[in-house]
Number of protein chains: 2
Amino acid sequence: MYRILVVDDEEKIREVVREYGEFSGHKVYEAWDGIQAVKMCRENEFSIIIMDIMMPRLDGFSAVKEIRKYTNAPVLMLSARGEEYDKLFGFELGVDDYVTKPFSPKELMARINAIISRDKGRGNKKQLDFNGLNIDLDGRSVYVDGNKVDMTPKEYDLLVYMAKNKNRALTREQLLRDIWGYDFYGDDRTIDTHIKMLRSNLGPYRNYVVTMRGIGYKFEAENE
Amino acid sequence: MYRILVVDDEEKIREVVREYGEFSGHKVYEAWDGIQAVKMCRENEFSIIIMDIMMPRLDGFSAVKEIRKYTNAPVLMLSARGEEYDKLFGFELGVDDYVTKPFSPKELMARINAIISRDKGRGNKKQLDFNGLNIDLDGRSVYVDGNKVDMTPKEYDLLVYMAKNKNRALTREQLLRDIWGYDFYGDDRTIDTHIKMLRSNLGPYRNYVVTMRGIGYKFEAENE
DNA sequence: GATAAAATTTCACATGATGTTCACACAAAT
DNA sequence: ATTTGTGTGAACATCATGTGAAATTTTATC
């Protein structure tokens, strides 16, 4: 599932991308001009950004330039037929491809897939998102509403394990076996203490960790 | 001036690339197989790597896989007409383009230029900047607030490796394997000592090297 | 090839962070 | 009301890292 941001003032274009994107199982977000796009990129991470060049308020190139301060997500530029522009300038901003309007939706999706595949190989970060709770798996760090939260290794491991097995009831035995290791002889209740610490670190999202009385715990949340 | 590495066992191919590359004012380096290429990449930084797939000793894909431990320079793969291979696999390794032999030298150079322009936009310079901490990869030298800092080879390698993998938690095993080599049998704690030296050399930026308790270390900074 | 210098590695100890246990209070189920 | 299970704080045990110094290896110099 990719997170696609399409930026265009034409409703029609956004609609096409949304339709085909969602058909392929991706999540499509929309912005209607550069300003809006920058704002969204400051707050979210996208797999790819489809950006029109000619837009009111803030044009596509300027928007990309601004966006590059926050993310290096791949960018595909849309241009109207006959529009003249400096491709090289785009490359310097990290633009990955150009598509001329009108385009065939199928071709667009193919290019999107190609770009994302290539980008993945460059080592983009893997992460888990649950609204304001964000886990950076490569950096082993956790963010709550954008603020980094310090966690001990066990707390982090516990959180990631539960998040990866979200919406499943996990027994204490299972947690001990998979996180502590098969050779742990300690008390069941050790987990409770770590859950306590984890909850206090999750702050407003402490209720994502649900107690399953008599069983264990469950991580209950939807990836946004 | 780009630094182009062409890897091919065919003398003819290397010659064409060298000729056209130098005509365009670039510096062209040559390797005749994968092993040679890996060795050169470990010691030097290239703007782009032109890599044949079918080669004696070590094939192109395996070579790229190995090279990715040292650099993320863009790669253009050369394949003989009719050769079948998995493009997707290449993308995962960060392969930027494919060209089928025989090719027109002019087209090859055009593609090289396109890739490098794109790569530049992604911020792939021969130097790494983190505010007042500056690493010159060509000169293997480090500057702190403009002043050159003397580092031992291991300290430098450690810093560069961590900087290239910034914001990723790196285990001691990973660091030992990738910097010391797979055949290092020494103590884990060796790293700690080098980290200590590195930190003291980084002066005001010592806190860029973050301890990940129970895991290893992480280089935490944004290239301005 | 011998010697000195530099770099690397090992090691032991102190310190602080983390993990575990436990007792008690409290809440939920029957 | 009784039983059973969980939340919590504090005490305790354990573990990982920072550090200095010594031992070893590598490199440079004569």
- Message: In terms of relative ring orientation, are B/F219 and B/F130 parallel, tilted or perpendicular, with 30° and 60° separating the classes?
- Response: perpendicular

- Message: Go nucleotide by nucleotide along DNA chain D from the 5' end; which of B/R213 and B/R206 gets its closest nucleotide reached first?
- Response: B/R213

Rounded distance (Å) that lies between atom [atom2] of [N] and atom [atom1] of [X]:
X	N	atom1	atom2	value
B/D150	C/dA6	CG	P	11 Å
B/L158	C/dT9	CG	P	11 Å
B/D157	C/dT8	CG	C1'	13 Å
A/I215	C/dA28	CD1	P	17 Å
B/R172	C/dT10	CZ	P	14 Å
B/M151	C/dA6	CE	C1'	17 Å
B/R140	C/dA7	CZ	P	13 Å
B/M197	C/dT9	CE	C1'	12 Å

- Donor-acceptor contact below 3.5 Å, side chain B/R14 vs main chain B/V6: no

- Message: For a quick check, with a 4.0 angstrom heavy-atom cut-off, what is the B/S/- contact string for nucleotides 19-24 of chain C, read 5' to 3'?
- Response: SBB---

- For B/F46 against B/I4, the heavy-atom pair lying closest together: CD2-C, 4.3 Å

- Query: Cation over ring, B/K65 on B/F61, under 6.0 Å and within 45°?
  - Reply: no

- Message: Considering every strand and a 4.0 Å limit on heavy-atom distances, what is the contact class for B/Y156: base, sugar-phosphate, or nothing?
- Response: nothing

- Query: When we call it a touch if two heavy atoms are under 4.0 Å apart, what does A/M212 touch: a base, just sugar-phosphate, or nothing?
  - Reply: sugar-phosphate

- Query: Are B/R199 and B/T211 linked by a side-chain donor-acceptor pair shorter than 3.5 Å?
  - Reply: yes

Please output the side-chain donor-acceptor pairs of residues 143-151 of chain A that fall under 3.5 Å, not counting sequence neighbours, one pair per line with the distance.
| unit_1 | atom_1 | unit_2 | atom_2 | d |
| --- | --- | --- | --- | --- |
| A/D145 | OD1 | A/Y205 | OH | 2.4 |
| A/K148 | NZ | B/E220 | OE1 | 3.3 |
| A/K148 | NZ | B/E220 | OE2 | 2.5 |

Salt-bridged, [X] to [Y], with N to O below 4.0 Å?
X	Y	result
B/K166	A/D138	no
B/R111	B/E107	yes
A/E66	A/K39	no

- Item | First-last contacting nucleotides on DNA chain D - partner chain A, under 4.0 angstrom, heavy atom | D/dT4 to D/dG9

